[in-house]
Amino acid sequence: FKVPEVKLKAGMLAKAEALHELLAKKEPVVVIDARDPAAFKKGHIAGAVLFNVMAELRYPPDNTPRAMTMKSPEELAVLFGKLGIARESRVVVYDNGGLEAAFLAFALWRLGNENVAVLDGGVDAWAKEEKFPLVAGDPAAADPKTFTPAVRQGATMFNREVAPAMQEPN
């Protein structure tokens with residue numbers, strides 16, 4: 001078993017000030033709020049779309065072998081397309097400082113999006129540190145796109161593959 005090499009690019013983190021400048025210039029960027037719907041409704045970055053990571057990225061907990069695993073590339077491609085994301089889209093994801101944004105960014109990266117970044121510091125960096133505004137309300141409808149996945153092989157493992165891999169001396 002060999003762990004795939006993943007190189008972190010500086011562009012995988014976006015500063016609040018840089019995102020603010022992109023939005024002010026009307027640059028094409030999809031901003032995704034990866035928090036729960038109640039938090040989004042209380043206040044989000046203007047123009048952000050909502051993606052409830054814990055409810056939509058994984059299969060729900062149940063008694064099947066797939067429980068709590070990431071949905072298939074085809075299912076995720078449909079969800080991402082509905083959010084207005086194509087594989088080539090520039091995307092910035094944020095949350096409350098948990099793992100939701102990173103999990104969603106990983107899913108996009110795994111499906112071939114090279115232009116995804118996580119907002120460094122999350123919504124707090126935007127609103128509390130930089131004092132940029134949040135807006136309240138429901139998400140606006142996104143302009144649907146076609147997301148064509150290009151799955152990165154070796155970026156994930158199935159649960160059943162982990163135990164045997166741990167027995168490998170290399």
Student check: side-chain heavy atoms of [X] and [Y] closer than 4.5 Å:
X    : Y    : result
D124 : N96  : no
K82  : F147 : no
I45  : V92  : no
R90  : L22  : yes
V49  : I85  : no
V123 : D95  : no
V118 : M12  : no
L76  : L57  : yes

Between [X] and [Y], is there shared hydrophobic-cluster membership here, with clusters defined by ILVMFWY side-chain heavy atoms closer than 4.5 Å?
X    : Y   : result
W109 : F80 : yes
I32  : V29 : no
L108 : L83 : yes
F51  : L23 : no
V116 : L79 : yes

Please report the interatomic distance [atom1]([X]) to [atom2]([Y]), rounded to the nearest 0.5 Å.
X    : Y    : atom1 : atom2 : answer
L50  : H44  : CG    : NE2   : 9.0 Å
Y94  : D33  : OH    : CG    : 3.5 Å
E100 : R35  : CD    : CZ    : 10.5 Å
L99  : F106 : CG    : CZ    : 13.0 Å
E88  : K145 : CD    : NZ    : 11.0 Å
N52  : L104 : CG    : CG    : 10.5 Å

Which atoms form the tightest heavy-atom contact between [X] and [Y], and what is the distance?
X   : Y    : result
A77 : P149 : CB-CD, 3.7 Å
V30 : G84  : CG2-O, 3.6 Å
M70 : A107 : SD-CB, 4.0 Å

Counting only heavy atoms not in K71, do more than 12 sit closer than 6.0 Å to its NZ atom? yes
For residues 126-139, tabulate all N or O donor-acceptor pairs below 3.5 Å that involve a side-chain atom, not counting sequence neighbours.
residue	atom	partner	partner atom	Å
W126	NE1	P133	O	2.8
K131	NZ	K128	O	2.8
D138	OD1	K41	NZ	3.3

Do side-chain atoms of D120 reach the backbone of L13 as a donor and acceptor pair under 3.5 angstrom? no
